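Just below is one structure, and these are the notes that go with it.
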Amino acid sequence: MEQKSSPDLMPSWIPATGHALRHAGIHFDAVRIIGILGEQVAYEIMQFTDFQAGPVIRSRIGERSMYFLLPPGGASGHRWPAGAEALTRERAAFVGVPALHGLTYPLDWRSLPTAQVPFVDAELLFELLLEVVNEEKPAVR
């Protein structure tokens with residue numbers, strides 16, 4: 001009998017249980033967006049991509065951040081606005097990554113990586129983030 005490979009095999013950096021810290025810049029770069037801004041950007045990117053945004057991790061403690069996982073080197077090509085922070089290898093940053101199932105509190109997946117969309121598109125994330133930030137600024141009179 002021939003074994004078939006699943007088209008949605010998950011990356012090796014996702015732990016089997018619980019959660020684990022992964023060094024940014026090795027398997028992925030990350031952009032952390034804090035609080036309500038992160039929630040809004042996650043909503044916008046999910047809507048724009050028809051719920052195929054790539055990996056987005058939600059942290060439910062502290063500032064309740066969203067982590068958008070980009071290809072390695074993908075976060076350094078932009079000047080991220082206030083409220084967003086690029087986590088890269090150069091910054092020696094770590095990101096908590098939850099397992100797909102089971103107890104992973106305080107982390108969970110807002111959007112999973114797939115074989116078709118293994119990472120969040122950096123350009124799209126940057127554009128949507130700027131749109132959301134610009135909408136929140138009061139009009140100059």
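These numbers were taken from a predicted model, which means no experiment stands behind them.
What you find for Val95 and Ala30 is that their closest heavy atoms are CG2-CB, 3.8 Å. Between Leu87 and Arg32, the shortest heavy-atom contact is CD1-CB, 4.1 Å. Among all heavy-atom pairs drawn from Ala20 and Pro15, the shortest one is N-CG, 3.9 Å.
At least one side-chain heavy atom of Met46 sits less than 4.5 Å from a side-chain heavy atom of Arg110. Looking at Val97 and Leu107, their side chains never come closer than 4.5 Å, going by heavy atoms from C-beta outward. Looking at heavy atoms from C-beta onward, Pro11 lies in side-chain contact with Pro113 at the 4.5 angstrom threshold. Side chains of Asp108 and Ile57 form no contact here, defined as non-hydrogen atoms less than 4.5 Å apart. Side-chain contact check for Glu85 versus Arg91: some heavy-atom pair is nearer than 4.5 Å. Considering only heavy atoms from C-beta on, Gln52 comes within 4.5 Å of Thr114 through its side chain. Within the 4.5 Å cutoff, the side chain of Val31 has no heavy atoms near those of the Phe126 side chain.
Within 6.0 Å of CD on Glu63 lie no more than 12 heavy atoms contributed by other residues, nucleotides or ligands. More than 12 heavy atoms of other shown residues, nucleotides or ligands fall within 6.0 angstrom of atom CD1 in Ile26.
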Check step by step if side chain to side chain contact (heavy atoms under 4.5 Å, CB included) holds for Leu125 and Val41.
-> CA-CA 8 Å; Leu125 176 62; Val41 172; 3.6 Å; yes
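For Trp80 (side chain) and Ala75 (main-chain N/O), a donor-acceptor pair under 3.5 Å exists by modelled atom type. Side chain of Trp109 to backbone of Pro98: a donor-acceptor contact under 3.5 angstrom is found. Side-chain N or O atoms of Thr104 include none that pairs as donor or acceptor with a backbone N or O of Ala99 at under 3.5 Å. Of the possible polar contacts, none joining the Asp29 side chain to the Pro72 backbone as a donor-acceptor pair under 3.5 Å is found. Side-chain N or O atoms of Arg89 include none that pairs as donor or acceptor with a backbone N or O of His23 at under 3.5 Å.
Linking Ile, Leu, Val, Met, Phe, Trp and Tyr residues whenever their side-chain heavy atoms come within less than 4.5 Å places Val120 and Val133 in a single cluster. Val132 and Leu130 fall within the same hydrophobic cluster, defined by Ile, Leu, Val, Met, Phe, Trp and Tyr side-chain heavy atoms under 4.5 Å apart, directly or through other members. The same ILVMFWY cluster, assembled from side-chain heavy atoms under 4.5 Å apart, contains both Phe119 and Leu100.
Taken to the nearest 0.5 Å, the CZ atom of Arg22 stands 15.5 Å off from the OH atom of Tyr67. Interatomic distance, Ile33 CD1 to Ile45 CD1, rounded to the nearest 0.5 Å: 8.5 Å. Between the CH2 atom in Trp13 and the CZ atom in Phe28 there is a gap of 5.5 Å [rounded to 0.5 Å]. In this structure, NE2 in His78 is found 10.5 Å from CG in Leu129, a value given to the nearest 0.5 Å. Taking CZ of Phe48 as the reference point, atom CG of Leu124 lies at 5.5 Å (rounded to 0.5 Å). Put simply, CG on Asp121 and CD on Glu127 are 8.0 Å apart, with the number rounded to the nearest 0.5 Å.
Contact check on Arg64 versus Glu39 returns no salt bridge, with no Lys/Arg side-chain nitrogen under 4.0 Å from an Asp/Glu carboxylate oxygen.
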